[in-house]
Asker: 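My questions all concern the structure below.
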Amino acid sequence: MILWGRASSVNVQKVLWALEERELPYDHKIVGGIFGGNSDPEFTALTPVRRVPVLQDGDVTLWESHAILRYLAMGPVSPIADMWMEFGSTTLQPPFLGLFWQQVRMRKTAQDKATLKKHIKSLYAALGILETGLADGRTYLAGDDFSMADIAIGSLFHRIMDLHPTILDTLPVVGEWHANIAVRAGYRKWVATSFEELRVTE
Ligand SMILES: N[C@@H](CCC(=O)N[C@@H](CS)C(=O)NCC(=O)O)C(=O)O
């Protein structure tokens, strides 16, 4: 397999973590962000969106991180895991990204307090849903077994907590779930990493 994408992208981190879980060998081609290459013909031939990650496996070429996670599951993803992955895409990741852009990816002068506040509110609402969803005592999002949903959603948490260290103080169930997934090798190796490469300072 070949994975295309810089390791500083959360969406690439999801795939790196999944490859680690599956113990699959792969070549890693660093594309995107400060490394560029998004417009190189060998990359644009693989993806119309010119974004990372892209996974190649023989004749199969996939973009969209959650589609890649489903592929790497190498078997059916349970409907419950699938549901949480959709929740990640539609409800949790958008405010997280909005926040990340405000706090890390923008010049201070371009930051906007009202926008920041709006994203924090939506992020708390999404985390509240996660807290309720996990409240039946399950260890992982889809039940007793770790799944691609834990990767899709869990990959966002290192950055969420780095930006807002106390955010899980009022969300003990999410905190417990996160503690369980944060010890996994793939999380430690690929997710719990510095994002200083992405910070806009001037
Ligand atoms: N929905 C897509 C989003 C892909 C995406 O936006 N990737 C970003 C990085 S997180 C990207 O390629 N940005 C341009 C770049 O890195 O050069 C997915 O989940 O894979």
Side-chain angles (χ1 to χ4, degrees), residues 1-22 24 26-57 60-74 77 81-107 110 115 119 122-123 126 130 141-142 147-163 181 186-187 189-201:
M1 290 192 197
I2 305 173
L3 170 63
W4 300 72
R6 57 183 170 87
S8 57
S9 145
V10 276
N11 292 313
V12 174
Q13 289 176 0
K14 294 170 188 172
V15 180
L16 287 163
W17 181 2
L19 288 164
E20 194 80 21
E21 291 285 345
R22 310 291 316 191
L24 290 165
Y26 59 94
D27 286 335
H28 190 181
K29 303 216 186 219
I30 312 295
V31 176
I34 60 169
F35 305 98
N38 309 54
S39 299
D40 290 355
E42 61 166 352
F43 186 65
T44 59
L46 302 175
T47 168
V49 293
R50 303 184 177 196
R51 290 181 166 261
V52 293
V54 173
L55 185 78
Q56 280 183 285
D57 183 18
V60 178
T61 301
L62 293 171
W63 41 276
E64 280 298 340
S65 58
H66 291 188
I68 296 171
L69 292 184
R70 289 183 186 98
Y71 179 73
L72 291 176
M74 292 177 176
V77 171
D82 201 33
M83 178 183 77
W84 281 113
M85 288 168 77
E86 291 295 310
F87 168 81
S89 298
T90 59
T91 311
L92 181 65
Q93 191 155 336
F96 154 70
L97 281 181
L99 204 66
F100 194 71
W101 274 82
Q102 284 288 323
Q103 292 189 273
V104 179
R105 304 286 274 153
M106 275 182 183
R107 276 178 287 118
T115 307
H119 291 315
S122 302
L123 183 65
L130 210 53
L141 282 169
S147 76
M148 290 297 169
D150 298 292
I151 295 183
I153 290 187
S155 296
L156 312 181
F157 274 73
H158 175 69
R159 291 180 181 185
I160 290 175
M161 294 182 65
D162 200 273
L163 296 174
I181 59 161
Y187 184 110
K189 183 169 178 186
W190 296 112
V191 177
T193 56
S194 166
F195 50 81
E196 287 311 305
E197 173 192 310
L198 304 174
R199 196 178 291 278
V200 172
T201 46

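Whatever order the structure lists ligands and atoms in, that order sets their numbers, starting from 1.
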Asker: Using a distance-only test with no angle check, is there a side-chain donor-acceptor pair under 3.5 angstrom linking Glu21 and Trp17?
Answerer: yes
Asker: Write out the residue and atom name of the closest protein heavy atom to atom 7 (N) of ligand 1, then the distance separating them to 0.1 Å.
Answerer: Val52 O, 2.8 Å
Asker: Of the protein's non-hydrogen atoms, which lies at the shortest distance from atom 1 (N) of ligand 1, and what is that distance?
Answerer: Glu64 OE1, 2.8 Å
Asker: Got the closest protein heavy atom to atom 8 (C) of ligand 1, with its distance?
Answerer: Arg51 NH1, 3.5 Å
Asker: Just distances here: any N/O of Arg50 and N/O of ligand 1 closer than 3.5 Å?
Answerer: no
Asker: Below 4.0 Å, non-hydrogen atoms only: which portion of His66 touches ligand 1? Side chain, backbone, both or neither.
Answerer: neither
Asker: Is there a nitrogen or oxygen of Lys14 sitting under 3.5 Å from a nitrogen or oxygen of ligand 1?
Answerer: no
Asker: Which ligand 1 atoms are under 4.0 Å away from a heavy-atom of Gly33?
Answerer: 15 (C), 16 (O), 17 (O)
Asker: Near Asn38, which atoms of ligand 1 are under 4.0 Å from a heavy atom of that residue?
Answerer: 14 (C), 15 (C), 17 (O)
Asker: Determine whether Lys14 and Glu20 satisfy the following criterion, salt bridge (charged side-chain N to carboxylate O under 4.0 Å, His left out), listing intermediate values before the conclusion.
Answerer: CA-CA 10 Å; Lys14 294 170 188 172; Glu20 194 80 21; over 6 Å; no
Asker: Any luck finding a side-chain donor-acceptor pair between Thr193 and His158 under 3.5 Å?
Answerer: no
Asker: Looking at atom 19 (O) of ligand 1, what's its closest protein heavy atom, distance included?
Answerer: Ser65 OG, 2.6 Å
Asker: Please list the nearest protein heavy atom to atom 3 (C) of ligand 1 with its residue and the distance rounded to 0.1 Å.
Answerer: Asn11 ND2, 3.6 Å
Asker: Is it the case that Glu197 and Ser8 place a side-chain donor and acceptor less than 3.5 Å from each other?
Answerer: yes
Asker: Identify, by atom number and element, the atoms of ligand 1 in contact range of Ser9, meaning under 4.0 Å from any of its heavy atoms.
Answerer: 9 (C), 10 (S)
Asker: Asn38 side chain to Arg50 main-chain N or O, any donor-acceptor pair under 3.5 Å?
Answerer: yes
Asker: Give a yes or no answer on whether the side chain of Gln56 reaches the backbone of Leu3 with a donor-acceptor pair at less than 3.5 Å.
Answerer: no
Asker: Quick one about Asn11 and Gln93 (side-chain donor to acceptor, distance below 3.5 Å, no hydrogens or angles considered), yes or no?
Answerer: yes
Asker: Show which atoms of ligand 1 fall inside a sub-4.0 Å distance from at least one heavy-atom site of Pro53.
Answerer: 20 (O)
Asker: Distance under 4.0 Å to a non-hydrogen atom of Gly32: what atoms of ligand 1 satisfy this?
Answerer: 15 (C), 16 (O), 17 (O)
Asker: Tell me if the aromatic rings of Phe157 and Tyr187 count as close, with their centers under 6.0 Å from one another.
Answerer: no
Asker: Any N or O on Val10 sitting closer than 3.5 Å to an N or O of ligand 1?
Answerer: no
Asker: Looking just at side-chain N and O atoms, do Asp57 and Tyr26 make a donor-acceptor pair shorter than 3.5 Å?
Answerer: no
